[in-house]
Amino acid sequence: MLSKTIADRLKGFETPFYLYDIDLLRRTLRACADESSRYGYRVHYAIKANYDPRILEEIRSFGLGIDAVSGNEVRRGIECGFPARDIVYAGVGKSDKEIRYSIEQDIFAFNCESFHELEIIDGIAADMGRKVRVALRINPDVDPKTHKYISTGQADSKFGISYTEIDRIRERMPQWKNIEIVGLHFHVGSQIVDLSVFAKLCERVNELWAWFADSGFRFSYVNVGGGLGINYGDPEGEPIPDFAGYFAVFREHLHLGPGVEVHFELGRSIVGQCGELISRVLFHKTTASGKRVAIVDASMTELLRPALYQARHAIENLSGGDKRETYIIGGTVCESSDIFARDLELPVLHRGDLVSLKSAGAYGAAMASTYNLHDLPGAVYSDRLTE
Ligand SMILES: Cc1ncc(COP(=O)(O)O)c(C=O)c1O
């Protein structure tokens with residue numbers, strides 16, 4: 001990873017901070033853009049994964065749209081130069097203020113997650129004298145085979161409209177004069193590495209699409225969400241996810257007829273591998289049972305994923321060395337879940353050594369908090385490093 005090759009130049013920065021490899025981000029975006037355009041697919045970047053303006057500037061230059069889940073994410077996209085017509089807005093809870101703002105901006109579509117939400121958006125749009133494009137986010141009841149906290153498309157999840165509600169929506173639709181239902185939206189979960197999950201999703205989309213068509217709906221647009229996973233275990237071995245294989249699954253399994261626009265909402269696969277969290281060793285100690293513990297100056301406030309999802313990020317001692325030892329790597333926060341690794345063998349860690357927590361570009365800085373009154377982590381961009 002980048003940090004190892006420029007370790008000496010990183011020593012002067014205040015830790016912890018995120019290091020972004022802009023060249024890798026560009027190569028990832030190029031792969032995503034090339035493979036999606038092969039089939040005429042359109043990709044929205046899920047801005048929740050990382051909303052750093054410098055990262056967004058790169059993403060915009062490759063022509064991706066934005067997938068937002070809050071009014072402020074819609075705003076960030078617009079402020080960073082993404083055309084409103086390339087923005088979609090999902091999310092189970094949208095406040096009236098967020099809905100109004102997004103209608104004013106004339107975004108491409110709201111991805112609506114309930115009958116109730118459709119009713120409310122129709123009312124607000126009527127109040128504003130506007131007609132609004134919406135897509136129905138249908139819960140496809142597909143098991144994404146990922147961590148339960150990042151699964152969204154199973155029958156009893158809070159996300160999306162249950163297919164048992166669709167009849168009710170169809171009956172009410174003629175009365176909703178201020179919304180135009182332009183398509184269907186799906187998203188089954190995140191960090192999906194088994195591509196057969198997406199094949200299964202396609203089968204469900206085909207079935208639902210046919211059902212809607214039989215019921216008299218003609219849509220021009222389908223959004224199949226995001227979820228493509230990255231290789232956390234071996235980021236050097238697979239720095240760029242398999243976009244070719246991913247889009248090919250949809251090409252092979254999605255059968256919606258001619259002229260239907262197919263959109264995606266990818267987050268992690270675009271920015272995950274280009275970011276590392278660089279931290280410094282503060283202290284070490286030995287537990288009563290003889291385990292070595294290294295405390296680093298990062299914590300769950302800068303990288304929440306390990307504490308939230310039991311996620312594991314590959315860790316490297318940037319100072320190297322031949323002698324090795326097995327460690328528990330702990331953060332500074334007063335929570336026992338604030339552990340980055342257990343039983344991890346690394347070159348012996350000394351106070352002041354820099355360590356890299358890899359594959360942290362997605363859901364890293366974006367989830368940072370000021371818990372324990374920590375400062376928010378800074379960001380260093382590879383193309384702005386001076387010699
Ligand atoms: C509706 C929706 N779309 C897209 C994404 C992006 O997912 P990923 O980062 O796994 O591609 C998410 C993430 O949770 C989401 O909730």
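Contact check for Leu19 versus Ile6: side-chain heavy atoms found under the 4.5 Å cut-off. A heavy-atom distance below 4.5 Å is not found between the side chains of Val281 and Ile295. The shortest side-chain heavy-atom distance between Val132 and Ile121 falls under the 4.5 Å cut-off. Looking at heavy atoms from C-beta onward, Ile47 lies out of side-chain contact with Asp67 at the 4.5 angstrom threshold. For the pair Tyr232 and His313, the minimum side-chain heavy-atom distance is below 4.5 Å. Side chains of Arg85 and Arg133 form a contact here, defined as non-hydrogen atoms less than 4.5 Å apart. Put simply, the side chain of Val134 does not reach to within 4.5 Å of the side chain of Glu180, judged on heavy atoms. Proximity of Arg351 to Phe283: side-chain heavy atoms (C-beta onward) are separated by under 4.5 Å at one or more points.
Residues Ile192 and Val262 share a single hydrophobic cluster, defined by chaining ILVMFWY side chains whose heavy atoms lie under 4.5 Å apart. Neither Val69 nor Leu308 shares a network with the other; the hydrophobic side chains, linked directly or stepwise wherever heavy atoms of I, L, V, M, F, W or Y lie under 4.5 Å apart, form separate groups for each. Linking Ile, Leu, Val, Met, Phe, Trp and Tyr residues whenever their side-chain heavy atoms come within less than 4.5 Å leaves Ile230 and Leu29 in two separate clusters. Under the 4.5 Å side-chain heavy-atom criterion for ILVMFWY residues, no single connected hydrophobic cluster contains both Leu303 and Leu376.
Checked against side-chain contact (heavy atoms from CB on, under 4.5 Å), Arg54 has the following partners two or more places apart in sequence or in another chain: Ile22, Arg26, Asp52, Glu57, Glu58, Tyr381, Asp383, Arg384. Scanning for salt bridge (Lys or Arg N to Asp or Glu O under 4.0 Å) contacts around Lys131 gives an empty result, with sequence neighbours left out. Asn231 meets the side-chain contact (heavy atoms from CB on, under 4.5 Å) test with Asp234, Glu238, Gln273; sequence neighbours excluded.
A donor-acceptor contact shorter than 3.5 Å links the side chain of Ser70 to the backbone of Glu73. Ser3 places no side-chain N or O within donor-acceptor distance of the main-chain N or O of Ala7, the cut-off being under 3.5 Å. Side-chain atoms of Arg42 do not come within 3.5 Å of backbone N or O of Asp86 as any donor-acceptor pair. His185 places no side-chain N or O within donor-acceptor distance of the main-chain N or O of Ala135, the cut-off being under 3.5 Å. Remark: side-chain polar atoms of Glu236 are paired, donor with acceptor, to backbone N or O of Met1 under 3.5 angstrom. Under a 3.5 Å cut-off, the side chain of Tyr18 and the backbone N or O of Glu302 do form a donor-acceptor pair. In this structure, Asp122 contributes its side chain and Asn178 its backbone to a donor-acceptor pair below 3.5 Å. Within the 3.5 Å criterion, the main-chain N or O of Gly71 finds a donor-acceptor partner in the side chain of Glu98. Under a 3.5 Å cut-off, the side chain of Ser269 and the backbone N or O of Leu266 do not form any donor-acceptor pair. For Glu165 (side chain) and Ile161 (main-chain N/O), no donor-acceptor pair under 3.5 Å exists by modelled atom type.
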**Report entry** Stepwise side chain to side chain contact (heavy atoms under 4.5 Å, CB included) check, Leu318 with Val355
**Finding:** CA-CA 5 Å; Leu318 298 183; Val355 293; 5.9 Å; no

Report task. For the pair Ile55 and Ile59, evaluate side chain to side chain contact (heavy atoms under 4.5 Å, CB included) and give the outcome as yes or no after the intermediate values. Result -> CA-CA 6 Å; Ile55 302 285; Ile59 292 171; 3.8 Å; yes

Report task. In sequence, state the C-alpha distance, the side-chain angles, and the governing distance for Arg137 and Leu184, and then conclude on side chain to side chain contact (heavy atoms under 4.5 Å, CB included). Result -> CA-CA 6 Å; Arg137 178 175 179 176; Leu184 300 181; over 6 Å; no

Query - Tyr20/Asn50 under side-chain hydrogen bond (donor to acceptor under 3.5 Å, both in side chains): CA gap, chis, key distance, verdict - result: CA-CA 11 Å; Tyr20 293 110; Asn50 189 319; 3.1 Å; yes

**Report entry** side chain to side chain contact (heavy atoms under 4.5 Å, CB included) assessment of Tyr363 paired with Lys48
**Finding:** CA-CA 7 Å; Tyr363 308 106; Lys48 67 169 79 67; 3.7 Å; yes

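Taking both residues in full, the closest heavy atoms of Pro241 and Thr28 are given as CD-CG2, 4.3 Å, listed atom of the first, atom of the second, then distance. Across all non-hydrogen atoms, the minimal contact from Ser190 to Arg268 is OG-NH2, 2.8 Å. Of all heavy-atom pairs spanning Ala84 and Gln105, the tightest one is CB-O, 3.1 Å.
Of the inter-residue distances, the one linking Thr15 atom OG1 with Leu282 atom CG reads 7.5 Å to the nearest 0.5 angstrom. For the atom pair CE (Met300) and CG (Asn372), the distance works out to 8.5 Å, reported to the nearest 0.5 Å. The line from CG of Asp338 to OG of Ser299 is 5.0 Å long, rounded to the nearest 0.5 Å. To the nearest 0.5 Å, atoms CD (Glu117) and CG (Leu136) are separated by 10.0 Å.
Checked against the 6.0 Å centroid criterion, the rings of His263 and Tyr221 qualify as a close aromatic pair.
In this structure, Lys94 satisfies the cation-pi test against Tyr89, with its NZ or CZ atom closer than 6.0 Å to the six-membered ring centre and inside 45 degrees of the ring normal. With a 6.0 Å cutoff to the six-membered ring centre and a 45° limit on the axis angle, Arg168 counts as a cation-pi contact of Phe115. No cation-pi contact links Arg38 to Phe247, judged by a cut-off of 6.0 Å to the six-membered ring centre and 45° from its axis.
Inspection of the Tyr371 and Glu335 side chains reveals an N or O donor paired with an N or O acceptor under 3.5 Å. Ser356 and Glu316 share no donor-acceptor pair across their side chains, judged by distance under 3.5 Å alone. Asp297 and Ser279 share a side-chain donor-acceptor pair at under 3.5 Å.
Taking 4.0 Å as the cut-off between side-chain N and carboxylate O, Glu113 and Lys158 do not count as a salt-bridged pair. A salt bridge links Arg27 with Asp23: the closest approach of a Lys/Arg side-chain nitrogen to an acidic carboxylate oxygen falls below 4.0 angstrom. A salt bridge is defined here as a Lys NZ or Arg NE, NH1 or NH2 lying under 4.0 Å from an Asp or Glu carboxylate O, and Arg292 with Glu325 meets this definition. Salt bridge absent: Glu276 and Lys358 never bring a charged side-chain N and a carboxylate O closer than 4.0 Å. Note on Arg204 versus Glu207: salt bridge recorded, some NZ/NE/NH1/NH2 to OD/OE distance being below 4.0 Å.
Phe250 pairs with exactly one of Phe186, Phe264, Phe243 by the ring pair (Phe, Tyr, Trp, His ring centres under 6.0 Å) rule, that one being Phe264. Under the side chain to side chain contact (heavy atoms under 4.5 Å, CB included) rule, Val293 has a single partner from Ile339, Ile328, Ile329, which is Ile328.
For CZ of Arg251, the number of neighbouring non-hydrogen atoms (other residues, nucleotides, ligands) closer than 6.0 Å is 12 at most. Surrounding CD of Glu14 are at most 12 heavy atoms belonging to other residues, nucleotides or ligands under 6.0 Å away.
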